[in-house]
Amino acid sequence: MDKEKMDAFVAAVKDRTDILHVVQAYVPLKARGGRYWGLCPFHHEKTPSFSVVPDKGFYYCFGCHAGGNAFNFLSKIENITYFEAIKMQAEKLGIPMPERHSSKAELERDKEREDLRKVNAMARDFYHNCLTLTRLGTPGKQYFAGRGIQDATIAEFHLGYAPDAWDKLSRAFLQRGVPEELLIKAGLASPRKNGGGLYDRFRGRVIIPIADIRGQVVGFGGRVLDDSKPKYLNTPETILFNKRRLLFGLDRAHRAIQDADYAIIVEGYMDAISVFDAGVHNVVASLGTAFTAEHAKLLLRYTANLVFCYDSDEAGQKATMRALTIVRNTGANVRVIVVPDGKDPDEFIRKHGADAFRELAERARDLVEYRLAYVLAHVRYDTLEGKTRVIQEMAPVLAGIQNAARIVEYRRRLAQTLMLDEGVVSGELRRYAKMDFLEERDVRPAGPMQRPPARKPDDALEKAGRIVIRMVWADPELLVHVKSMVPIESIPVPEQREILAYIEKTAAEGGAPDDVQAAAALSEPAGEELARAIAGEDSARHVGTDEADKARAMQAYQDSLQALRNAYLEAQYMEHTRLAENAMREGNTGLWREETQKAMDFRKQKIE
């Protein structure tokens, strides 16, 4: 792709992007003191410490120190790459991506994807309108009403109804110029075996559109209204629709999952819709297929806490155990909601209400607890063979636990439950699962390193570096002055050295520092340090445009630069003093005099 065209594209998106507008789509903000404040979306807090400085183009959180520009914000909040954030914003603004040279096969595949998206969107509207605007949708309305699904939820998910007719959709779409081949590729219709023409895949079913993470419809699920088979029918696999890589509802649930810091996974889309309708929005469904490693990766982008709520019948329990096997080595914290009375989540909510379901979620069982209860319910453990079988069944789950203290506790409980010596249990676990790390020599209590390290208080030089960076960012010509006082490589904070080196390189190429290019060029820690310098603590005390404000800002810059210079001079003094001492020990009088003189020269330049 032409670099000039891409640079122009990024510049156009940047010029039309208002960081305040971007952030306010996710975070309620109130103006105060020259900036806008709200609750940080990146950590839990009760008092607003998250701020946006529109005229600088940066956001910064005084609590967790997250910071950056509008695209950095989108990247973090949506869990996408930085360039994906730029493309996402471009789509919202209606700015087309520059065309790139593609092979004929690539162009054809891109066109097929685009055509499938368009026809799927048309089909979604067709089914939804049939349900909500025509008499044909009466059976569908009655079905949703019988399940207690509200009109708002029907509108939210664009739920629909496929009329009980052979070719209602096919005829309507062919009349609108949609090619037969496209209807077949999309899985909306099939060719008749006799006589030619098409017949609709979905007939006499309520229709659930299935979207990808960006909310684009990639397929459909249809459920019958009676006991006929198949009960559920999905779109066949296409280049857009792959059940192993899709989670129903994730496009709507990912923000709620981030806010709640856990995801509820149910088996089918009707369960997910019922749970959502009850006001619990951090829910997704695995489309009636086995939970996959790809599903786990999708959810782990938003939370490490996964809560499974499959049907409580035997089939549901087996599906839960298969899912737990998939996620046990992902590092996720896994719990299981146990729905009583052999019911699925949808039935439970209809009978007991949303609050009762929330209580079930709060009491969700730990993965090991659930596995142990399941195994004990299915194995007679009053015999030696049964006890051995229980240990064998538990070994894979225990193998996925990273916390050694938890392993010890569960091993002890397992021994008590089976009325066996703990040493026997340990030996059997090692035998069946080869869990060598269960040996006592490897068992260590959970220590502070299992928690994120606390951020150390900033020292004066870190603050001084930020003030200097803020001034140089606004006026890159000041970098010449900075370098005359302190070499960039002698700036004590690595991230600040990286920022100043970027500004120097940009100036050498005849450009000016730019937040978009900086975000691409800088490491993530350096990018956050830049945001902190531009919109962080010290910047909040140096706002305003009158002469007095400018004078205060310049005085702060000069004081900060002098502090950095003094630190540099002191470091040089100490280094040459060390070299002089080494020369003295080696009996090299000439080198001793030379290094001593250098040390004194640096000391004389220092201004206290």
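Just so you know, residue 1 is the first one in the sequence shown, and it goes up from there.
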Problem set entry | Check: Val119 and Leu183 side chains under 4.5 Å, non-hydrogen atoms | yes

Exercise. Would you say His295's side chain and Arg244's backbone share a donor-acceptor pair under 3.5 angstrom?
Worked result: yes

For this session: Please examine the side chains of Val23 and Leu29, heavy atoms only from C-beta on, and report whether any two atoms are closer than 4.5 Å.
Result: yes

For this session: Could you tell me which residues satisfy salt bridge (charged side-chain N to carboxylate O under 4.0 Å, His left out) with Glu237, sequence neighbours excluded, listed by chain and number?
Result: none

For this session: Please assess Val22 against Leu74 for the test side chain to side chain contact (heavy atoms under 4.5 Å, CB included), listing each intermediate value before the final yes or no.
Result: CA-CA 8 Å; Val22 169; Leu74 283 173; 3.7 Å; yes

Problem set entry | Residue list, salt bridge (charged side-chain N to carboxylate O under 4.0 Å, His left out) with Glu385, at least two apart or on another chain | none

Exercise. According to the salt bridge (Lys or Arg N to Asp or Glu O under 4.0 Å) rule, which pairs have a member within residues 205-228, sequence neighbours left out?
Worked result: Glu91-Arg214

Exercise. Which residues satisfy the ring pair (Phe, Tyr, Trp, His ring centres under 6.0 Å) test with Phe348, sequence neighbours excluded?
Worked result: His352

Exercise. What's the shortest heavy-atom distance between Gly63 and Ser49, and which atoms?
Worked result: N-OG, 3.5 Å

Seminar exercise, completed: Rounding to 0.5 Å, atoms CD1 (Ile213) and CG (Leu298) come to a distance of 7.0 Å

Problem set entry | Closest heavy-atom pair and its distance - Cys309, Val339 | SG-CG2, 3.7 Å

Exercise. Can you find a pair of side-chain heavy atoms, one from His43 and one from Glu45, that are under 4.5 Å apart?
Worked result: yes

Seminar exercise, completed: Residue pairs passing the ring-ring contact (aromatic ring centres under 6.0 Å, His included) test with at least one member in residues 131-156, sequence neighbours excluded, are none

Exercise. Checking salt bridge (charged side-chain N to carboxylate O under 4.0 Å, His left out) for the pair Arg113/Asp110: CA distance, chi angles, key distance, verdict?
Worked result: CA-CA 5 Å; Arg113 283 195 180 93; Asp110 288 344; 3.6 Å; yes

Exercise. Is there side-chain contact between Tyr381 and Ile391, with heavy atoms separated by less than 4.5 Å?
Worked result: no

For this session: Could I get the full list of side-chain contact (heavy atoms from CB on, under 4.5 Å) partners for Ala373, not counting sequence neighbours?
Result: Arg365

For this session: Give a yes or no answer on whether the side chain of His378 reaches the backbone of Tyr374 with a donor-acceptor pair at less than 3.5 Å.
Result: yes

Problem set entry | Student check: side-chain heavy atoms of Arg201 and Pro236 closer than 4.5 Å | yes

Exercise. Do Asp167 and Leu198 touch side chain to side chain, with heavy atoms closer than 4.5 Å?
Worked result: no

For this session: Count the heavy atoms belonging to other residues, nucleotides or ligands that lie under 6.0 Å from CZ of Arg380, then report whether that count exceeds 12.
Result: no

For this session: May I ask you to check whether Phe42 and Phe73 place their ring centers less than 6.0 Å from one another?
Result: yes

Seminar exercise, completed: Between the NZ atom in Lys387 and the CG atom in Leu418, the distance rounded to the nearest 0.5 Å is 6.0 Å

Exercise. Can you check salt bridge (charged side-chain N to carboxylate O under 4.0 Å, His left out) on Arg412 and Glu409, steps first, answer last?
Worked result: CA-CA 5 Å; Arg412 183 179 299 115; Glu409 176 60 24; 3.0 Å; yes

For this session: Apply ring pair (Phe, Tyr, Trp, His ring centres under 6.0 Å) to Phe83 and list each qualifying residue two or more places apart in sequence or on a separate chain.
Result: none

Problem set entry | Set of ring pair (Phe, Tyr, Trp, His ring centres under 6.0 Å) partners for Tyr127, sequence neighbours left out | Phe220

For this session: Apply the test side chain to side chain contact (heavy atoms under 4.5 Å, CB included) to residues Leu250 and Leu299: give CA-CA distance (whole Å), side-chain angles for both, the deciding distance (0.1 Å), then the verdict.
Result: CA-CA 9 Å; Leu250 186 57; Leu299 289 173; 4.0 Å; yes

Exercise. Aromatic rings Tyr310 and Phe308: how do their planes relate, parallel, tilted or perpendicular, breaks at 30° and 60°?
Worked result: perpendicular

Problem set entry | Approximate separation, where rounding is to 0.5 Å, of Asn72 CG and Ile86 CD1 | 10.5 Å

Exercise. Say you draw a straight line from CD of Glu359 to CD1 of Ile337; how long is it, rounded to the nearest 0.5 Å?
Worked result: 12.0 Å

Problem set entry | Aromatic ring proximity, centroids under 6.0 angstrom, Phe126 and Phe173 | yes

Problem set entry | All pairs passing salt bridge (Lys or Arg N to Asp or Glu O under 4.0 Å) where residues 252-266 contributes a residue, at least two apart | Glu156-Arg252

For this session: For Lys76, check salt bridge (charged side-chain N to carboxylate O under 4.0 Å, His left out) against everything at least two apart and list the hits.
Result: Glu524, Glu528

Exercise. Less than 4.5 Å apart, any side-chain heavy atom of Glu369 and any of Arg413?
Worked result: yes

Problem set entry | Contacts of Phe157 that satisfy ring pair (Phe, Tyr, Trp, His ring centres under 6.0 Å) - sequence neighbours left out | Phe248, Phe276

Problem set entry | Donor-acceptor pair between Tyr161 and Asn129 side chains, under 3.5 angstrom | no

For this session: Please step through side chain to side chain contact (heavy atoms under 4.5 Å, CB included) for the pair Leu159 and Ile273, ending with a clear verdict.
Result: CA-CA 10 Å; Leu159 302 181; Ile273 290 168; 3.7 Å; yes

Seminar exercise, completed: Minimal heavy-atom distance between Ile349 and Ala278, with the atoms involved, is CG2-CB, 3.9 Å

Problem set entry | Salt-bridge contact Lys185-Glu181 (side-chain N to carboxylate O under 4.0 Å) | yes

Problem set entry | Side-chain H-bond candidate by donor/acceptor type, Glu78 with Tyr26, under 3.5 Å | yes

Exercise. Taking C-beta and beyond as the side chain, do Gln24 and Val27 meet within less than 4.5 Å on heavy atoms?
Worked result: no

For this session: With sequence neighbours left out, write down each residue that passes salt bridge (charged side-chain N to carboxylate O under 4.0 Å, His left out) with Arg135, or none if nothing qualifies.
Result: none

Exercise. Going by distance alone, is a donor N or O of one side chain under 3.5 Å from an acceptor N or O of the other, for Arg350 and Ser274?
Worked result: no

Problem set entry | Taking every non-hydrogen atom, the tightest pair across Gly140 and Val206 | CA-CG1, 3.9 Å

Seminar exercise, completed: Rounding to 0.5 Å, atoms CE (Met88) and CZ (Phe71) come to a distance of 11.5 Å

Problem set entry | Option among Tyr60, Tyr59, Phe62 that satisfies the ring pair (Phe, Tyr, Trp, His ring centres under 6.0 Å) test with Trp37 | Phe62

Problem set entry | Rounded distance [0.5 Å steps], CG in Asp164 versus CG in Leu225 | 8.5 Å

Exercise. Which heavy atom in Ala272 sits nearest to a heavy atom in Val284, and how many Å separate them?
Worked result: CB-C, 4.4 Å

For this session: Verify the neighbour count for atom CZ of Arg358: are there more than 12 heavy atoms of other residues, nucleotides or ligands below 6.0 Å?
Result: yes

Problem set entry | Heavy-atom closest contact (Asn282 atom, Ala260 atom, distance) | ND2-CB, 3.7 Å

Problem set entry | Full working for side chain to side chain contact (heavy atoms under 4.5 Å, CB included) between Asn120 and Gln216 | CA-CA 9 Å; Asn120 281 337; Gln216 295 179 317; over 6 Å; no

